[in-house]
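Quick notes on the structure that follows.
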Amino acid sequence: MAKVSALQTARYAYTPKKPGVLNLKPESIQLEFGKPTKAVSDQKELSELFKNTYGKPEATFVKGKNPEVKNQIRVGVILSGGQAPGGHNVIAGLFDGIKAGNPNSKLFGFLNGPSGLTDNEYIEIKDKYMDEFRNTGGFDMIGSGRTKIETPEQYAAAMDTAKKLKLDAIVIIGGDDSNTNAALLAETFVAAGMKTRVIGVPKTIDGDLKNDQIETSFGFDTACKTYSELIGNIERDANSAKKYWHFIKLMGRSASHIALECALQTQPNICLISEEVEAKKMTLKQITDYICESIVARAQNNENFGVVLVPEGLVEFIPEMKSLIAELNDTMAHKADEFNKLVSFEDKKAWLKDNLKPASYKTFDSLPDAIAAQFLADRDPHGNVQVSRIETEKLLVTMVENQLAALKKSKKYTGKFSAYTHFFGYEGRCAFPSNFDADYCYALGYTAFLLIASGVTGYLSSVRNLTAPAKEWTAGGIPLTMMMNMEQRHGTKKPVIKKALVELEGKPFKEFAKNRDTWKVKTSYTYPGAIQYFGPAEVADQTTKTILLERGKGKVTSAAKTSAKTEKASAAKKEPAKKAKAKK
Ligand code: FBP
């Protein structure tokens with residue numbers, strides 16, 4: 001084993017806390033089924049597409065009997081998509097469950113994502129190798145990848161591997177797309193009369209794989225805590241030096257859950273929420289004005305510093321940018337031969353002038369060249385622009401600088417503006433999982449094993465009641481088709497798991513909206529500090545404000561309120577001293 005840090009050594013010794021029911025012997029845990037379920041919409045189309053797996057009941061584990069858990073089984077596991085803290089613990093929970101059922105059962109890890117399954121590349125996971133990755137971050141144990149299994153050849157190759165390896169089950173650890181794949185694979189295997197069951201596990205730091213049944217995807221907790229620590233540190237630096245504005249872009253391909261959670265944890269001056277920008281049809285100019293309002297107001301209080309949080313997906317939610325991106329994706333795909341011959345940015349720009357609609361070209365032309373060039377970078381495997389590569393934070397700084405220069409001319413602004421930009425994304429995806437993610441992931445993996453041992457397929461491993469202590473969590477399975485609807489993808493309607501965007505009527509957004517006008521002007525920063533792995537539960541085991549608020553259990557304490565409380569407390573302390581003086 002490579003040399004490891006002291007923290008890693010200490011984390012190896014950590015025993016994840018389990019939901020009460022999972023502490024029973026595996027043969028004493030039984031699946032209890034609820035009523036048949038329906039998809040969120042498009043039920044008819046989905047029931048036809050998933051003839052064998054549609055509409056299965058929700059299932060919960062309870063104390064009972066399941067002698068089947070002792071059967072010797074062979075299981076394959078895949079890590080799919082972007083890294084998220086806790087992935088190794090899902091594998092650990094799955095591994096321990098399988099071995100607790102029957103020590104001769106085997107677990108195979110497919111290498112580098114779903115392509116490991118189609119290309120038949122795998123390793124057998126054994127005790128010693130597993131132990132090197134317990135409670136660690138990263139997906140490096142078996143690697144991850146973004147290959148989508150969609151062609152008939154890929155399905156045939158997946159079936160071939162499952163047959164060759166005599167797999168009783170495959171566990172796919174992934175986000176909405178990967179779990180859509182899991183549902184399709186489950187259906188394909190049943191239709192082909194194969195014994196291989198497919199179970200999904202909800203992963204993504206983006207936090208957008210959640211619904212009435214899935215309280216959160218794993219990794220969101222640790223990633224948000226890591227970013228919030230960094231944001232808090234920057235806020236404190238800004239409040240100490242009092243001379244810089246920091247524009248911080250935060251990962252989240254589409255939804256703004258990460259930005260919102262970090263805002264609730266750190267109380268920055270501004271946090272943009274893409275879903276709100278889209279709902280209010282805000283233009284880039286209006287967003288710039290909104291940020292400038294804060295800068296001008298704070299400058300009047302002699303506070304020429306601040307922090308702005310920008311969600312990664314923002315550009316795709318600004319209506320004029322959304323049209324530009326859609327047209328660019330289309331034009332660059334349909335005229336790829338012509339476009340790919342162009343080398344310089346100037347040539348590409350001239351070509352776009354003739355090939356884009358005038359309105360889209362006008363938006364493109366209004367962007368600084370360096371940013372405009374990022375809109376033309378390589379597309380992802382699905383033909384979409386890679387938003388993590390567009391430096392929205394820099395674009396906003398340029399727009400703000402221009403606007404402030406105009407305000408200065410008209411004497412409406414007399415402050416100083418000096419900005420730094422940051423992008424936090426990769427910093428958080430492989431962090432040591434927080435206790436919450438370590439526990440949650442282990443339970444998800446162990447539950448996935450129990451689902452396999454209970455003979456079901458096309459289910460997502462589900463652990464609920466997450467705001468309570470781990471021993472009160474419940475475990476079970478949710479039929480994947482229950483979370484699906486039909487969506488237009490590249491010109492055709494496809495079954496997909498519905499992505500959860502930030503709800504503007506939801507409690508987390510409302511809590512933020514209630515406080516943000518104060519934060520915009522008054523310095524109200526809160527400093528969460530580093531993730532704590534050891535110590536009292538209120539410090540080390542708490543999950544996100546998002547889940548607490550969603551479950552009606554949390555509220556933000558603003559710095560304004562905190563300092564009011566502190567002032568009261570110190571006034572009370574001074575009171576006896578005053579009285580004593582008066583007596584003298
Ligand atoms: P998943 O949805 O696959 O978990 O990945 C999410 C994410 O971390 C996004 O936040 C980000 O936009 C994207 O991955 C970056 O992708 P890549 O790792 O390919 O650069």
Side-chain angles (χ1 to χ4, degrees), residues 78-88 90 112-115 137-140 142-149 172-182 200-211 214 216-228 230 248-262 273-275 309-317 325 374-375 377-393 422-431 433 437 440-441 444 460 483 489 496-502 544 546:
I78 299 173
L79 289 165
S80 181
Q83 285 68 252
H88 290 157
V90 177
N112 306 320
S115 63
F139 278 7
D140 45 328
I142 52 173
S144 185
R146 290 197 183 276
T147 305
K148 203 169 179 187
I149 300 177
I172 299 184
I173 303 170
D176 50 343
D177 279 340
S178 313
N179 277 298
T180 298
N181 243 206
V201 176
K203 170 233 71 166
T204 178
I205 61 158
D206 292 4
D208 55 8
L209 174 49
K210 65 174 170 185
N211 45 47
I214 301 297
T216 188
S217 54
F218 79 77
F220 177 70
D221 182 88
T222 311
C224 289
K225 283 175 178 159
T226 306
Y227 306 141
S228 296
L230 299 175
I248 306 170
K249 184 172 77 170
L250 291 162
M251 240 184 201
R253 172 71 185 77
S254 216
S256 307
H257 297 295
I258 293 180
L260 179 56
E261 170 65 23
C262 291
I273 299 295
S274 305
E275 291 82 346
L309 302 187
V310 182
E312 179 186 68
L314 180 70
V315 282
E316 282 195 315
F317 287 76
I325 291 170
Q374 291 163 4
F375 279 73
D378 291 344
R379 270 37 194 167
D380 71 8
H382 308 285
N384 298 318
V385 68
Q386 299 188 54
V387 280
S388 59
R389 300 202 169 186
I390 298 179
E391 293 171 308
T392 328
E393 67 287 16
H422 315 260
F423 170 33
F424 296 154
Y426 300 98
E427 292 81 349
R429 296 201 312 183
C430 287
D437 271 329
Y440 181 43
C441 289
L444 285 170
L460 191 65
M483 298 173 233
R489 296 277 166 102
V496 289
I497 291 180
K498 204 164 185 254
K499 214 185 245 309
L501 297 179
V502 167
T544 57
T546 301

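Both ligands and their constituent atoms are indexed starting at 1 by order of listing. Because only heavy atoms are used, hydrogens play no part in the values below, and waters and symmetry mates are left out as well, while side chains stay in. By convention here, the first residue in the shown sequence is residue 1.
- Those atoms of ligand 1 that come under 4.0 Å of a heavy atom in K203, given as number and element, are 1 (P), 3 (O), 4 (O).
- The distance from atom SG of C262 to atom CZ of F424, rounded to the nearest 0.5 Å, is 9.5 Å.
- Side-chain atoms of R389 and F375, non-hydrogen and from C-beta on, never get closer than 4.5 Å to each other.
- The nearest pair of heavy atoms linking D208 to K499 is OD2-NZ, 3.1 Å.
- At a cut-off of 3.5 Å, with distance as the only test, a side-chain donor of S274 or S256 sits close to an acceptor on the other residue.
- Residue contacts with ligand 1 for F220 are absent, since no atom lies close enough (heavy atoms, distance under 4.0 Å).
- Protein heavy atom in closest approach to atom 20 (O) of ligand 1: Y426 OH, 2.5 Å.
- Side-chain contact check for T544 and D221: no donor-acceptor pair (N or O, by modelled atom type) lies under 3.5 Å.
- Within the structure, the closest approach of G252 to ligand 1 falls below 4.0 Å when heavy atoms are considered.
- Considering every non-hydrogen atom in both A255 and A500, the closest pair reads CB-O, 3.8 Å.
- Annotation: G81 places no N or O atom under 3.5 Å from an N or O atom of ligand 1; distance criterion only.
- Between R146 and ligand 1, a contact under 3.5 Å exists for at least one N or O pair.
- Of the protein's non-hydrogen atoms, the one nearest atom 10 (O) of ligand 1 is D206 OD1, 2.7 Å.
- Ring geometry for F423 versus Y426: interplanar angle over 60°, hence perpendicular rather than tilted (30 to 60°).
- Ranking protein heavy atoms by distance to atom 3 (O) of ligand 1, first place goes to G82 N, 2.8 Å.
- Across K499, Q83, R429, Q386, heavy-atom proximity to atom 15 (C) of ligand 1 is greatest for R429.
- Between H257 and F220, the ring-plane angle classifies as perpendicular under the 30° and 60° cut-offs.
- An N or O contact shorter than 3.5 Å is missing between I205 and ligand 1 by distance.
- At a 4.0 Å heavy-atom cut-off, ligand 1 touches T204 through backbone and side chain alike.
- Of the protein's non-hydrogen atoms, E312 OE1, 3.5 Å is the one closest to atom 11 (C) of ligand 1.
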